[in-house]
Every structure is written in structure tokens, then in C-alpha cells.
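Got a structure here, written out as C-alpha cells. Questions coming.
Just so we're on the same page: letters track the sequence lines, and every chain starts at 1.
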Amino acid sequence: MLENNILQDENHIIQERREKLTKIRQQKVAYPNHFKPKNRAFDIHKQYGDKNAEELLAVNIEVTIAGRMMLKRVMGKASFATIQDGQAQIQIYISKANIDEACYEDFKHWDIGDIIGATGKLFRTKTNELTIEVKAIELISKSLRPLPEKFHGLTDQELCYRQRYLDLIMNQASKSVFLNRSKIVQSIRESMVNSGYLEVETPMMHVIPGGATAKPFVTHHNALDMPLFLRIAPELYLKRLIVGGLDRVFEINRNFRNEGLSTRHNPEFTMLEFYESYADYHSMMSITEAILRKAAIDSIGSLTFEYQGREVDLAKKFDCLGMLEAIIKYNPQYQMCDLAKPEFLISELAKLTHQKPKTDILGLLQLELFEETTETKLWNPTFIINYPIEVSPLARHADNNSEIAERFELFVVGRELANGYSELNDPEDQAMRFKKQVMQKNAGDEEAMHYDADYVRALEYGMPPTGGCGIGIDRLVMLLTNSPSIRDVIFFPHMRSEADINS
RNA sequence: GGGUUGUUAGCUCAGUGGUAGAGCAGCUGGCUUUUAACCAGUUGGUCGCAGGUUCAAGUCCCGCACAGCCCA
């Protein structure tokens, strides 16, 4: 059955190449592991890119490279090929006059996509291209599948996502997105470590899913015969560490949410969360600004850039607005007094969404109206503060107003990028908030939180006042790499299974 | 979940109800400085899957799968 499926997408090109491979196997080790490249194309260009033909001749530099053959031009007794290694491409020149005749004949039958190694000295061609004049060349790894067409490359989005390896071979722009992703994550680590934060790892499998309002994935532990949930957020564990006295902690890791897929949602996504004792949501906003600026500089080298054709400016101090203020600022048809009336909000939301809101809780209605009318209009970075307490069950309430959480969310290009607050460290208040969540869950809200008794117990030992924040790494990478879809910044985004490959 | 567009050779794409096409890749031959090399010849198809209408379907109709975009 398996063999059947493997053969299913065989074609005559693959057949030809298998026959070539069979011949290679008869002569030598087909996939040898002895070739050691001494140079990389990027370094060669960097080091010798400014040397002219005479200078190259004078210094007589010999290099040894290995990589994938991307282009091949055979002209009788001499040929050119383009070799691509990790970072760049370089041209090689193979003349029958310079190498063994049998080897040259072999080379003529090697395919685009094959991985080869070559040694030779650098020179410039008539058209002034830096090129390696090959004196020894060998096939290192035979490629059985044809690469996409050399000019158009791979453009089918679905294939780019499903066969990312092929996308990375063919599309330098795609590779560059992922190089930037790595730089961004590295930059964030530096920001945190430089500020005295300790990088930690907390469980990915939770007995009680917590730290966010979201549907979890469920799995089962056989030996203990118990259900386990893939984590929706690390928050409650990181704050347990704050209770334990690790006073500045951060974690960059995956969260899992059992929700729909979209250009902004993948079921597993990467979050940075960080917590600092004796800090509050204002200090978290400052740190967030600093992290984003450093990440932009360290990856793309600028604080201003385009996202999907429109300028984004991270240089100016980020705007900061109350949630209700923001609604009114961007939707002047509303009055502040209206936004305190549930019946007004219900009728507005019904108009906007063409369905009756599922809740009559004031804070939830206000948040929903904000999401409907305002969120997408927040293009340049804007902190939204003064969230209703009902939608912030883990956040401290303001000292002078028990209805308002000391919480912010950061929006950029109309999307939520970060969420932080002064953490709720009053164990009795937290117990009450969990109880309210449980009531909502019992009333049918699948996303409401569970009661986490161990977390309350931890708070009962005393947690210092703490500020905490989460930043969506995938969305940050989208922003800084001008990527329209979250799938463009995740190597292997979740896809429905292919009908014919694994069935 | 709804709307919409797409799915044709390994890739990129044409295709007016009447014999399934091109370029690249592959194969054969030619060519000692090419640049998506070039020239000549040539192989390769379950037209996403399954039904229907029709003398005749890649093309029209229905359903399904997968994907893109928009909306929720």
C-alpha cells in the first residue's frame, strides 16, 4: 500500500533520474559523505566581489564549495552552472580541457537540483561575473525530483506551504522572511536577558487549561489515564515562578488553540510572555515599546517600514487611549453615555454583525463593539487601556475603580500584537474571578476559564505586585517582514491533509 | 460558517461543446565565456474526485475535496 502511494506521483522524469542513480550506485557510493566545502558563496562574493580580472589572476585564489545546481548551460566542450549554498549563489565554469574527460561526460548528465561539490580558482568571465574555474567536481547527492521551472519558480501558494523545503530552495524572498524571523526572536531574547530576565520553560501539557480564554486541544495520558490539555497560554505557570521568587522570567514558546484557521490564526503559534515583580502595566508598555523597536532595528534595520503598501512608524512614542475613548475617537457617531448602556450596545452590535450578541454583560459588549468598530482602524502602534474587568479575569483592578482592569492591549496595522497587565495578586479576588468564569462556563461559554485551585493556593502564599505581558511572535514577524498571512512566517503551517499522499 | 475565484504535463500557464496545447524541465544530437544560454529533433496527460446533460464535456449542470481572497 505504502509502495503504491509512493509510486503514485512518479513520472518519467523521476524514472530517468532513478536510472541515473542506479548507474551511479554501480560505480561508487551514491550518497557519499566525505566532501568538505571550505568556502561559502556569500563569503566569496563578500571577499572577492570587488576584485577585477587582473587582481584575481594575480592572487590566484582556490576555493572549494558545495551546493545545489540551480542552472546549467552546456556548450559542447565547456559549460557553466550556478551553484546555490546556504546564503548565496555562485557560477562555476567547467571545461573539458581542465578536468578528466569521463568526469565531464558525467557532469553533462547531472541534473538541475543535484547537490555537487567543486574546487577551482576564482576568475572573471568576459561578462565580468565572478566564477570558479573548476579543476575537480563531484556529485554529492543525486536529486530524483525535478525542481520547479527556473524562471517562474514555485508560485503555487499551497505548494509553498505544504513543501516548504521546495519554497526555500526556489524563493529567496521566502528564505529571507525566515532569516528575519530568527533575527527577531534572537533580538527579543537579547532584550529580555539584557533586562535581567531569566528564560524558563513551563509545561506544554496542562491538567487545567488556563491563562487565556480559548478552546484547548485535548489529549490523553495513558499511564495516568487522565485527560491533558495542550496549553493555551503559559501565564499561570510563569506567575507561579514569580511566587517562587524568580522575579523576572520570560518564555518564548508555542501555544495551542483549538479554533479556526485564518490569515492571522494558526492552531499552534509562538508567544513571548514575560513577568516582572514590582512592575505594573505602565512599565510593561515601556518594555514592549523597547522590545519592538530593537526587534525592528535588529531585523530590518529601520523603525519605519511599509506593511502591505502603507507606512508604519515605530519611532514615535506609541499612542495610548482608553478603550471607550478609542471607540469614540474612531467612531464619532457614538457618545460616551451610550457606551455604558447594555441595551444600546446590544442594538448597535446587532446592526453591525446581523446577529444578537451572545452576552448581556456590559464589559463584554463594550469589548465586542471595540472589536467591531475600532480595532482595524488602529494602524500605527496604539496601546488601548482601561479594559472592563469582566474580560480580564487575571488582571488587577484599578485602585479607584473596581470595574476597570489595569490592562493594555497593543494594536498595530489593525491587529492585536500584545496584551499585558498589572497582575492580580489578591488571592481572594482571584478566587472570586475564577468562580465567575466557572459560572460563565456552566452557562455555555466554552472559552471561559476553569477554577485553578493550585494557582489560587500559590497566590495565597503571597505574590509580589507584578507586571506581565504577552507578545505574539508570529504577528510581529508578519509586521516586520511585510507578510500578509501567518502562514508566510511559520515554516510548516497547519494545512488540511493532502487527499492522495498519506491516505 | 457564508460568499467568491481557482485546480489542465514535474513547474509556469493557454485552451470558443467537436483529435489535449506552449514555454521551461527531461531525452537525443550540435556548440570552448554562458547568464532564464542558444539551435534541431523528441518523450511525457486519470484535464482535482464523483455523478449528470449531450451524438459529443477540460469546456455546461450538481455534489465533494483542497487551496487563495473577502466577510463573519
A:Phe123 CZ to B:U32 P, straight-line distance once rounded to whole Å:
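After rounding, the gap between these two atoms is 16 Å.
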
If the C1' atom of B:G44 is compared with that of B:U28, how far apart are they to the nearest Å?
15 Å

Using atom C1' of each nucleotide, how far apart are B:G17 and B:A22 to the nearest Å?
23 Å

Strictly below 4.0 Å: does A:Lys126 bring a side-chain N or O up to OP1 or OP2 of B:U34?
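So the side chain of A:Lys126 is outside the cut-off, no N or O lying under 4.0 Å from OP1 or OP2 of B:U34.
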
Find every protein N or O atom lying less than 3.5 Å from an N or O atom of nucleotides 68-72 of chain B, and list the pairs.
from: B:G68; atom 1: OP1; to: A:Arg487; atom 2: NH1; distance (Å): 2.3
from: B:G68; atom 1: OP2; to: A:Arg487; atom 2: NH1; distance (Å): 3.1

B:A20 and B:U4: how far apart are their P atoms, nearest whole angstrom?
32 Å

Between the base of B:U33 and the side chain of A:Glu129, is there any donor-acceptor pair under 3.5 Å?
no

Take atom CZ of A:Arg162 and atom P of B:A65, then tell me their distance rounded to the nearest Å.
14 Å

Cationic tip of A:Lys96 within the cone over A:Phe107's six-membered ring, i.e. under 6.0 Å and within 45° of the normal?
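No - A:Lys96 does not lie over the ring of A:Phe107 by the 6.0 Å and 45° rule.
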
Distance under 6.0 Å and angle within 45° of the ring axis: does A:Arg164 meet both against A:Phe491?
no

Contact class for A:Lys108 (heavy atom, under 4.0 Å): base, sugar-phosphate, or nothing?
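Nothing: the residue A:Lys108, judged by heavy atoms under 4.0 Å, touches no strand.
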
Separation of the P atoms in B:G3 and B:U59, to the nearest angstrom
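Each nucleotide's P atom is 23 Å from the other's.
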
Can you tell me, in whole Å, how much space there is between the P of B:A37 and that of B:C24?
10 Å

Could you give the CZ-to-C1' distance, from A:Arg73 to B:A25, as a whole number of Å?
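About 15 Å, once rounded to whole Å.
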
C1' spacing across the pair B:A67 / B:A25, given as an integer number of angstrom:
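The answer is 25 Å between these two C1' atoms.
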
